Amino acid sequence: MFNSTRYETDAFVRHMFFLQLSEYKPCERITDCPSGDPYTGFKCMVGYKFHITMENTLIDGYVSEKLFNGALGGGIPIYFGASDVGKYVNEKSFIHCDVSREVIDEMRSFYPRRPRQGDRPFLFNYSSSWPTDKELLSWADKYLRPQLDPCVKRVVELDSNDEDFMSVLNEPFILNKDIMSGVYPLKGVALAYNLLRNLDTGNDFVTVPERVTGKRPQKGPVGSNSFIKRQPKKRE
């Protein structure tokens, strides 16, 4: 589940949120999203009410394509990452899981980076040479469950109230019209904003799908693109 020295423990936020939200309603992971093409990557998200679009790490000013793909997919993105994300996009248009930086820093202290590449052990007690998935999840859960509870509750609220759901969905995604000036083109939002500006998605940069298209999503372990399925409309 977590076997790469490239990631910080911040990546557990996505895993734990997926599991916590699945206690309310089953979530699915899309496994056939096109990769390498920012102009089509969001299309596999069409047909879902919510998109788990969380960064691998918390770094202020770093907003990747994940959040933008969620908006383009026509659902409500659920985001964790840059605490200053509101500088780039409208925070009323998505659900921001604002995990305490103190909690993130404490979790990182159990998996410190080393000056040289090589073994990078976890600094908590576990049964063998590497923690089992159960041990990792148990360790992460005690830190993150209280932090993620408000975010899960917000998803449940919106999923249970169509009027509130549509109110968030209809919020404009981009409010800062000067986002391409100054230092912003040096950040990850530049490519995504160009995409939003050029696609025919309406003035609010939001598409609302009428039906599910593409292949049927496959269930699997949590990843970046995880969703609650949009219920199909009944025909009269």
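As the structure is a computational prediction, the values presented were derived from the model and not from experiment.
For the side chain to side chain contact (heavy atoms under 4.5 Å, CB included) test, no residue two or more places apart in sequence or in another chain qualifies with K153. D105 is linked by a salt bridge (Lys or Arg N to Asp or Glu O under 4.0 Å) to R108, counting only residues two or more places apart in sequence or in another chain. Residues meeting the side-chain hydrogen bond (donor to acceptor under 3.5 Å, both in side chains) test with E135, sequence neighbours left out: S127, T132. Contacts of S100 classified as side-chain hydrogen bond (donor to acceptor under 3.5 Å, both in side chains), with partners at least two apart in sequence or in another chain: E102. Under the salt bridge (Lys or Arg N to Asp or Glu O under 4.0 Å) criterion, D84 pairs with K87, not counting sequence neighbours. S109 pairs by the side chain to side chain contact (heavy atoms under 4.5 Å, CB included) definition with E106, not counting sequence neighbours. In this structure S138 satisfies the side chain to side chain contact (heavy atoms under 4.5 Å, CB included) test with no other residue, sequence neighbours excluded. Under the side-chain hydrogen bond (donor to acceptor under 3.5 Å, both in side chains) criterion, D149 pairs with Q20, not counting sequence neighbours. Every ring pair (Phe, Tyr, Trp, His ring centres under 6.0 Å) that F124 has, sequence neighbours left out, goes to F122, Y126, W139. Under the rule for a salt bridge (Lys or Arg N to Asp or Glu O under 4.0 Å), the partners of R145 that lie at least two apart in sequence or sit in another chain are E23, D141.
Pairs engaging residues 123-161 under the disulfide bond (SG atoms under 2.5 Å apart) rule: C97-C151 [sequence neighbours left out]. The list of salt bridge (charged side-chain N to carboxylate O under 4.0 Å, His left out) pairs with a residue in residues 160-169, not counting sequence neighbours, is empty.
Defined by atom type and a distance below 3.5 Å, a donor-acceptor pair is present between the side-chain atoms of E55 and S64.
Between F50 and F165, the distance separating the two ring centers is shorter than 6.0 angstrom.
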For the pair Y143 and F110, evaluate side chain to side chain contact (heavy atoms under 4.5 Å, CB included) and give the outcome as yes or no after the intermediate values. CA-CA 12 Å; Y143 287 102; F110 284 92; 3.1 Å; yes
For the pair N56 and E8, evaluate side chain to side chain contact (heavy atoms under 4.5 Å, CB included) and give the outcome as yes or no after the intermediate values. CA-CA 7 Å; N56 292 320; E8 299 289 354; over 6 Å; no
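A side chain to side chain contact (heavy atoms under 4.5 Å, CB included) with F80 holds for exactly one of T57, V99, L148; it is V99.
The two residues L169 and G74 have their closest heavy-atom pair at CD1-O, 3.5 Å.
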